[in-house]
Amino acid sequence: MNLPLDIPALISAATDIDAARNTPLAVSVFLDETAPGDVVGHVRSAFASAGARTRVTLGYLEEGVAPEPYGADDMAVIVAGASPSIGAAAAHIRSAGIPVMVVATAPAAVSRAAEAAGFPIPEGDLVAPHMTDPPPLGDAAATLSRRLTAGGTESRPAEAPAALEALEHAVPAEEAPAGAEPIALDEEAAATLDRRMGEWIIAACRDKKLAFALAFPFVRRPLSLDAVRATAIQNAGVGVVVFIPGADMPIMTLNQAKMLLQIAAAYGQPLSAERIKELAAVVGGAFLVRNIART
């Protein structure tokens with residue numbers, strides 16, 4: 001019996017994983033001297049990497065002096081406090097073509113100060129604990145939406161958008177914190193801040209997201225959830241547009257196998273015999289479900 005897997009495609013996925021392990025990364029972290037000590041310590045710890053090909057530069061923001069990121073930076077981080085020049089500093093970094101994440105435990109105050117100074121911070125670049133926006137899913141949802149719209153039928157015009165909407169919002173958003181800013185960085189807040197930072201990196205640095213997950217542990221869970229959601233969205237689309245029974249299984253199984261490889265790689269697990277067993281379980285489960293459905 002032939003397995004419904006494109007072996008060359010799986011090998012290619014594994015090769016991409018190996019390439020990610022050897023991808024150089026560069027990050028500049030700028031600290032506002034007025035930023036709370038707990039968030040400064042947390043961000044510094046989060047970006048401490050043992051990766052041999054990862055370069056993290058640490059510096060402080062100075063009033064009236066534009067920060068100079070490293071020329072090869074993939075991204076920059078500003079840990080914001082009460083300084084009114086946060087928006088200007090972020091704008092200067094963006095002008096060099098480098099995406100910049102602004103981390104704050106008083107996001108509303110930081111946003112107001114930046115806007116008042118004439119350098120508003122893009123909403124998506126301001127990251128804080130307990131934010132209420134849903135997590136970004138990248139381009140997969142938008143691409144699938146276009147495909148489903150193009151492939152819809154008169155008999156099933158609303159099914160696909162409804163399913164897509166449910167998948168896009170599968171992760172519930174947190175409620176706004178009850179306390180006033182700055183947000184206390186307790187254990188729960190620190191965990192949500194890590195998730196938000198990881199989601200930002202996945203959205204802003206998609207070409208190197210796996211390399212970032214290998215270098216920085218806080219990116220691994222957001223990347224895994226992103227892979228699961230993207231696979232679910234893609235397979236939902238396949239199930240909607242493929243009407244021949246069983247014809248969608250090879251595509252879905254390949255997507256699931258790739259997802260497993262990516263999650264394993266994000267957590268530093270090599271493509272070993274254990275991974276092969278897990279891939280076999282995915283394929284075997286798919287065959288079992290199909291045979292039950294046929295029966």
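The chain is numbered in sequence order, starting from 1.
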Just so I know, are the side chains of [X] and [Y] near enough to count as touching, which here means a heavy-atom distance under 4.5 Å?
X      : Y      : result
Val79  : Asp32  : no
Val27  : Tyr70  : no
Ile78  : Ile93  : yes
Val219 : Met197 : no
Leu25  : Phe212 : yes

For the [atom1] atom of [X] and the [atom2] atom of [Y], what is their distance to the nearest 0.5 Å?
X      : Y      : atom1 : atom2 : result
Phe216 : Ser45  : CZ    : OG    : 11.5 Å
Ile201 : Lys209 : CD1   : NZ    : 13.0 Å
Ile202 : Leu223 : CD1   : CG    : 5.0 Å
Leu210 : Arg21  : CG    : CZ    : 8.0 Å

Show me, pair by pair, the donor-acceptor contacts under 3.5 angstrom made by side chains of residues 55-62, not counting sequence neighbours?
residue: Arg55; atom: NH1; partner: Thr57; partner atom: OG1; Å: 2.5

Donor-acceptor pair, side chain of [X] and main chain of [Y], under 3.5 angstrom:
X      : Y      : answer
Asp74  : Ala26  : yes
Lys208 : Pro24  : yes
Thr192 : Ala189 : yes
Arg220 : Leu214 : yes

side-chain contact (heavy atoms from CB on, under 4.5 Å) assessment of Val39 paired with Ile183:
CA-CA 10 Å; Val39 70; Ile183 302 168; over 6 Å; no

For [X] against [Y], the heavy-atom pair lying closest together:
X      : Y      : result
Ala76  : Phe30  : CB-CE1, 4.4 Å
Ala128 : Ala104 : CB-O, 3.0 Å
Ala114 : Gly87  : CB-CA, 3.7 Å
Leu185 : Pro129 : CD1-CG, 3.9 Å

Sequence neighbours left out, what passes side chain to side chain donor-acceptor pair (under 3.5 Å) with Ser83? Give chain and number order.
Glu63, Ser85

Applying side chain to side chain donor-acceptor pair (under 3.5 Å), can you list everything that pairs with Glu68, at least two apart in sequence or on another chain?
His92

So which pairs with a foot in residues 95-108 pass side chain to side chain donor-acceptor pair (under 3.5 Å), sequence neighbours left out?
none

Which residues pass the side-chain contact (heavy atoms from CB on, under 4.5 Å) test with Asp125, not counting sequence neighbours?
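For Asp125 the side-chain contact (heavy atoms from CB on, under 4.5 Å) partners, ignoring immediate neighbours, are Arg94, Ile121, Pro122, Trp200.
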
Might you work through the side-chain contact (heavy atoms from CB on, under 4.5 Å) test for Leu126 and Ser111, ending with a clear yes or no?
CA-CA 8 Å; Leu126 187 56; Ser111 179; 3.9 Å; yes

For Val100 and Met75, run side-chain contact (heavy atoms from CB on, under 4.5 Å): C-alpha distance rounded to whole Å, both residues' side-chain angles, the deciding distance at 0.1 Å, then the answer.
CA-CA 6 Å; Val100 55; Met75 60 167 287; over 6 Å; no

Under a 4.0 Å threshold between the charged nitrogen and the carboxylate oxygen, would Glu199 count as salt-bridged to Arg196?
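Between Glu199 and Arg196 there is a salt bridge, with a charged N closer than 4.0 Å to a carboxylate O.
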
Listed partners of Phe119 passing ring-ring contact (aromatic ring centres under 6.0 Å, His included), at least two apart:
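Once residues adjacent in sequence are excluded, Phe119 has no partner under the ring-ring contact (aromatic ring centres under 6.0 Å, His included) criterion.
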
Apply side-chain contact (heavy atoms from CB on, under 4.5 Å) to Arg53 and Thr23, showing your working.
CA-CA 7 Å; Arg53 300 182 64 80; Thr23 298; over 6 Å; no

Looking at Asp186, I want to see if its CG is surrounded by more than 12 non-hydrogen atoms of other residues, nucleotides or ligands under 6.0 Å.
yes

